[in-house]
Every structure is written in structure tokens, then in C-alpha cells.
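All values below come from the heavy atoms of this structure, side chains included, with hydrogens, waters and symmetry mates left out. Just so we're clear, the structure is a prediction, and the values are computed from it rather than from any experiment. Just so it is clear: chains get the letters A, B, ... in the order the sequence lines come, proteins before strands, and each one is counted from 1.
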2 protein chains.
Amino acid sequence: MSEFGIPPYVDGRTGDKNLSKVVNRALLLDLLRARSGASRASLAKESGLTKVTVSSQVAELIALGIVKETGAGASDLGRKPVMLEIDGAAGYALGVSIATDRLHAVTMDAAGATVRDEDCPLPDASPESVVGAIASVVRAAKKKYRQSRFGLFGVGIAVPGAVERETGRVVRSAKLDWSDVPLKKAVARHFDGILRVGNDATLATIAERELYAPGADDFVCLLIDEGIGSGAYINGAIHYGHNGQFGEVGHMTIVHGGPRCPCGNEGCWDLYGSELALRQALGAARSGPVPDAAEAIALAGARPAWAEGSFRDFVDYLTTGVVSVVNSMAPTTLAINSAILAASPAMFEALKAAVADRAMSHVSACELRLSSLGKAAPAVGACMAAAERFFEGLVLRGGD
Amino acid sequence: MSEFGIPPYVDGRTGDKNLSKVVNRALLLDLLRARSGASRASLAKESGLTKVTVSSQVAELIALGIVKETGAGASDLGRKPVMLEIDGAAGYALGVSIATDRLHAVTMDAAGATVRDEDCPLPDASPESVVGAIASVVRAAKKKYRQSRFGLFGVGIAVPGAVERETGRVVRSAKLDWSDVPLKKAVARHFDGILRVGNDATLATIAERELYAPGADDFVCLLIDEGIGSGAYINGAIHYGHNGQFGEVGHMTIVHGGPRCPCGNEGCWDLYGSELALRQALGAARSGPVPDAAEAIALAGARPAWAEGSFRDFVDYLTTGVVSVVNSMAPTTLAINSAILAASPAMFEALKAAVADRAMSHVSACELRLSSLGKAAPAVGACMAAAERFFEGLVLRGGD
DNA sequence: TTAGTTAGTATAGTCAACTAACAAATTCCA
DNA sequence: TGGAATTTGTTAGTTGACTATACTAACTAA
């Protein structure tokens, strides 16, 4: 469950008196969050801890207000268990993803249920406007959830660009035309809880894995829209490269000696396999205007004859990139978040078949999946990242 | 120090009474292995543990025979510390790498010092011959080190191909023309200690990191010879993909629509940037025979005019692949093990400059290094992998 | 020779998990 | 209807490893 490979409550820590308590609490919280329908006895069985240990931990979690008893459960024989669950109403996390013209804001309760999903228009994409809009969403949520035990405990922000992990500084966002924006610092003046700022593809990957391959150690997620973004769990941990922007797989060369890309490299996959590239190809194919995103999606569903070549090329370019990713990283699951592919099951099937044909046989066990989270993925992932940190804090509390 | 992200003594483990002892012992062993010149007091300072805890752990490690006192150390003031170190003579690890015509065998003592490095010719590359040769090397080492506390405690075997991690089965090795060879099981009949079988590039990566970037979380290693192999540490853990063969980066496409590769993919980097590809280009350039590896290395040093174009193309192809790797994985250090580049510093410098020019600016902090381990890397890494497991065992012993 | 400093040990206390025994609640079956 | 069996959860006491505190040991410098 943890987004981190080495759980932060273990990493770099000496084996002091609290270590086992902390490890066990994390284990129990993970079990409680993963399945509903747990009791003290079932937790003991699944965790390998004794009933006594579980009871004492559960008592503390209930006292903290994060776990609640929900009455008697079913049993074939013997005393009925007292069912336990994370108390969703204990607190809330807000996830915001930034686009050029709007914010997408998702709210989740402590149990992980989405309780709100809204779009806020932005006057412009300047850092000031964005920070202002985030501040107002945060303010509203803070007020709304003031009554609950932990209130609005965390905010996650998904940025389409490179983010320095430690400081939450946006190093560079081509989409927003930002350079060196201290986003976290700016938002922190309006919110003093858990605040996480990350790359949108990275955060989307957190959400997609939770949905499609919870617990998978090696999981890659591709986001295909204007450009091609990606994120990856490797060895069970989400991978942040430099500046939290792992996975510029869009800027692998697929055409050696090809045209220069704005990124500085040549013949990048992004120039051939992105939605933007497809739209430009469609425009050229009909010798007319370049379709916008909505029209391209409609065309992908309709598949008019004149567009066939463009779509076939698109799948072909996607195949080349996906095979490169599969061969070089050997994930067990690869999720693709693409509105175009979502609109055309046939195209996705063609891609799957082509990848299976070309990928190295011993790694082709990799499962290709189409994401269904769509545009919401980064905001949902931002929520999850904030919640993750919240639970990490709970683990340390009372144990440190 | 651990080759694993989540230390195996923590992963999946509940916080029982021994957990802290195990964690602390691992911590102390890592410190002892990393630097020489430790004392109980310095270990306490560096580990954050109390002197009492350190003393009691050290007493057990000395009783186990893995740590020894080496007399008084220097001090400016006050009582002189009793210096401690891993007792190299406590035991030995053997690392073997398999080539078509010979075995390369490296022996290390428990302190990590290489004590022997030999080549054993092979009559042929059949599984029977290889297993027989390994068995005889192992038998000799077992006999030689019989007197020491732990004797020959482990054997690591580096295979040029895909290896199933759990079982040590060689799924496929094109170089050796092996399919489905239960190598670990076969060798286990001649050796009952720690036995690790792995992909050669993966094991070489372990060795290269230890040398060039000990402790680096994100580290990629490329091995360029007949083909292009690679290994990577991501999030501080060596990454095994499917079948222990992460990093078929050689089979990323760099020429979309290019020629079919034996692997099933098209336009693979391997077809353009490997030593084999270079040698074929050199042969074509002089309209003569394809040079063998030794001649190619000599030519790389001499750089005759007729070969200039081939070498320039070679660097160009390498650049494309390296930039793709750097952009998509964002490692902090990338080590290249290539006899050709080692023979021509100018070529390596040209590669470095071209990569810096084309890689995305925010990830170009990645440091490119030329490996000096050369052909020995896989065998050295195999030793290290065996030693790693040995120390993991020590950590659990007396704590479980 | 004595004060000051650093290394390492001895002893007692604390914490959290464990074991064992028990109380509570429920079903099955005579 | 009333035990026997079974499962849930708690209470009481034990254990192991770390910590704090206080000590001895060894050494430098003035």
C-alpha cells in the first residue's frame, strides 16, 4: 500500500523501542484500508500478530479517531466479531490538478471514497491566478470539513511539469509556461496541513495502480494527450527521477536522426505518438484544419476512411514506444490513459496485438490495460499522495 | 549497502521482539563493511545507537566470528578506541561468469577484497560442460577455504541471458544457445551454501554501483559488447524485471520501421549501437573482413581515417540510446562498460558532450562514467550478490 | 599529580510484544 | 433447554532489547 519502497517509518531508523509498534501499526492500517470487513480476530490472522497486540493497537487507533467499530459481523460459529473500519468521516484530502484553463479538484474522505469532484475555471494560467484559485478551493474545503476529527488534513497538487520533490518548486512547465515557481511555498501560506506537489503523470500513476494493480511491484502508466507522459512503480515504489519527473518516456528517440524536438533531443516519440501529433496528421490527411481534442476523439470513434491511415500510423508509433518501454523496464502491468484509445476499443486491441507481437517473448507477460480514470487521474493521485502521508503521520503519532 | 530496497529482514515482517535487534545489527554490519576504522564508540556515533547497544551487538558479532578487534586506534585525547573490522578471513564468496568459451571466476573474502581472479577454458558451451566446470572451480575453492570460520559460504553465477529469479532457471540465453536450463538446481548438487544465479548485466550493475556510486538510489549501467545489456538500481534497489532480465534497453526501437531484430522488435538500438554492429560497419567501410573484438579495440585506439565514419556513427547511435535511457529513467549516474570506449577516451568524451547536448536539461545532471571493471564486472557482481545474502543470513542468525 | 576527555561496561528501568489463561458470546446438538 | 464446541476478545504475567545513568578504564596535557 505504501507509495514508498522503504517505508519511511523504517528507513534510516534505528531499531528503537518503538520500531515494532510503528511497523505493526502501519501493517494494521494497511490491512484496514485495503479490505473492508475486518475484525480484531481477522486482523490478527492476516497480520500474523497476536490478538493481544491487535487489540491494543486497535484501541489506540479508535482513541485517535481514525478507526471505528461498526457493530457485529457474521460468523458461522462462535462469538460474532466486532467489525472495524477506517472512519471515513475522520478527515478529508483534497487533490487538485492544474490545466491551462481550469483546475480539477477531487475530494476524498479518509477511507478513500471520492466525495466530491469539481472543475474550477481559471482566468489564466499565471502562477498568481493558479495559487489564488487553489487557495479558494482549499479555503472552502477547510470550512466544509472543519467539524470532522482531522478536518481537511491534506492537499495534493498535480502539476504538468517538472517539480523538485523536496521543496515543491515547479522547475519548469512547458504547458503552463512556468519556470521556477515556488508553488508549495505559495500555497503553504493558505494551508498548513500536509501539502504535496508533484508531477501530474507521477501522481496519476499512483491512482492508476491503486485501481488496476494494487500492490504491483513493477507498474508503468502512460498518459497520452498533448504529449506523452509516464510514471512508474519499480520495486514496489513510485519512482521520482530528477525533479520528480521520472518517465519522460515521450522523449525517447524512436527515429534516429529525426527532427529536433523542443526538448533538445531528436526524433522523440512525443513527436509521433502523442494526441497532438495524431491531430496534426488528421489535419494533413483531410487537407483541412487540425481537429481539436474533442473532434479527434469523435473521429477515433467514427473512423472515416480518409482518417484510416493516420490512425494506423498512430497505433504503429504507439506500438514502437510501448514495446520500447516494455522491453526496457519489464513491468508486470502497463496502463494507458488516452482519450483517443478509450474512444476506440478496436484501436486499443490493435495496439495490444502489435505489442504482443513485437515485445520480447519472455517479458510479454506484461498486461496492457486501458485506464478508465481519464482526466481525473492526476487529481485522484494527488489525493492519494496526501492521504498516504497522513497515514504515515498517524503511524508515527503515539509511537514516537 | 543492501542490494534490496526493502531490507529482506524487514519486508513482510511483523514488529516482533527481535525486529529492532535485527535492524540494528544490519545497520552496524553495513557501517562496518562500508568504512574501515570503526570502533564501538564511532559506531555508536554514526548509527545513533547507544554505546551499550553497540557493545552488546559487537560482542555477538565477535562471537560469531565475523568481526574482529584489531588493536588500539589513534585519538587526540582520551582513551584510545579498540578498532573493529570485518574479519575477511571469516569466509569467502566465489563469483563465476559464463562466456561461450570460458568461465571467469573471482573470489572475494568476507571483507570484500578480491583474493583471486582466474579464467577457466570451457571445451564447449553446453550446460553439462558449464556445470562441470563450475563444479570443479567450486570444489577447489571449498577445499582451499575449508579452514576458515564460514569456509566458502556462497557462489554467484552470472549468465548472459534471462534467468528466473526464484528458481535460478535459465529461461533463455541466445549467447550460449540455452533454453530452460535448471542451472541453479544442477550446481546445487555440488554446493549446498548460498547460491545465486542471475543475469550478467544485472550482476555487473551491482559491482559497478559499488565502485562508482555506492549508495546511489538511481543508477543505470550499460554493458556494450556483442549486444547492449543493462541493469539499474531504482529507488535504491536493483531492479529485476521479468526473469531477472530488466533492462533489455538494447531492444528499444531507435529506428521506427527499421529492420526486424531477432528479438521480434524492429529497429532495435542493439542493431546499431552494439560492438557487433560497429565491427560490421568497420568491415563494410574497408570493404574487407569484419574485424574481431580485439582488432576493433585496436582500431578504436588508432582511429585510421577510413574508419572515422564508422566510429562517428557508432557514437551517434550510442548517443541516441543513452539519451533515451537518461530521459526515460532519470538516473543520477550512468556507467558504461565498453571495451571500445575504454580504448578511446576521445570517443567517450564525444559521447558525453553529445548526450549533454541532447538530454533534457533538467535531467542532464546525470553523470556519465566509464567503467574500469571491464569483463570482470559480472563475476565481481556475482560475488557481491552472494556476499550480500551471506550477511543477510548473519543478521537473522541470533536474532531469530 | 591532577583535571579533563574519550572509550567502553554494568545495572536497573521501560516498553511493547508474547504466552497462557480466561471471560464473553454464539451455534450445534442431544 | 442446557451443555459442548467454537470463536472473539481481554487480563495477567513474562520476555527481550533498548535506554538512561552511573560507573571503570585509559589516555593527554598542564
Answer yes when [X] and [Y] have at least one side-chain N-carboxylate O distance shorter than 4.0 Å, and no when they do not.
X: A:E60; Y: A:K21; value: yes
X: B:R196; Y: B:E388; value: no
X: B:E164; Y: B:K184; value: no
X: A:E69; Y: A:R40; value: yes

Contact string for nucleotides 23-30 of chain C, one letter per nucleotide 5' to 3', B = base within protein heavy-atom range under 4.0 Å, S = sugar-phosphate only, - = neither, reads -BBBSS--
In whole angstrom, what separates [X]'s [atom1] from [N]'s [atom2]?
X: A:K21; N: C:dC18; atom1: NZ; atom2: P; answer: 14 Å
X: A:L43; N: D:dG9; atom1: CG; atom2: C1'; answer: 13 Å
X: B:L19; N: C:dC18; atom1: CG; atom2: C1'; answer: 15 Å
X: A:M83; N: D:dG9; atom1: CE; atom2: C1'; answer: 14 Å

Evaluate the side-chain proximity of A:S47 to A:L28: yes if any heavy-atom separation is below 4.5 Å, no if none is.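 A side-chain contact exists here, since the closest heavy-atom pair is under 4.5 Å.
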Heavy-atom distance under 4.5 Å between the side chains of B:Y233 and B:D217, does that happen here?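 A side-chain contact is absent here, since even the closest heavy-atom pair is not under 4.5 Å.
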Is the NZ or CZ atom of B:R209 both under 6.0 Å from the centre of the six-membered ring of B:F219 and within 45° of that ring's axis?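 No, B:R209 does not sit over the ring of B:F219.
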With nearest nucleotide decided by heavy atoms, which residue, B:P81 or A:G48, maps closer to the 5′ end of DNA chain C?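 Mapping each residue to its closest nucleotide by heavy atoms, the 5'-most match is B:P81.
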Testing the 3.5 Å rule here: is there a donor-acceptor pair between the side chains of A:T205 and A:T202?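 No, no side-chain donor-acceptor pair sits under 3.5 Å.
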Strictly below 4.0 Å: does [X] bring a side-chain N or O up to OP1 or OP2 of [N]?
X: B:N18; N: D:dG16; result: no
X: A:N24; N: C:dA17; result: yes
X: A:R40; N: D:dT10; result: yes

Of the residues in residues 49-59 of chain A, which ones touch DNA chain C at a heavy-atom distance under 4.0 Å?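 DNA chain C contact set from residues 49-59 of chain A: A:T50, A:V52, A:T53, A:Q57.
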With distance as the sole test, does B:R165 use its side chain to make a donor-acceptor pair with the main-chain N or O of B:G198 at under 3.5 Å?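 Not confirmed, B:R165 side chain does not pair with B:G198 backbone.
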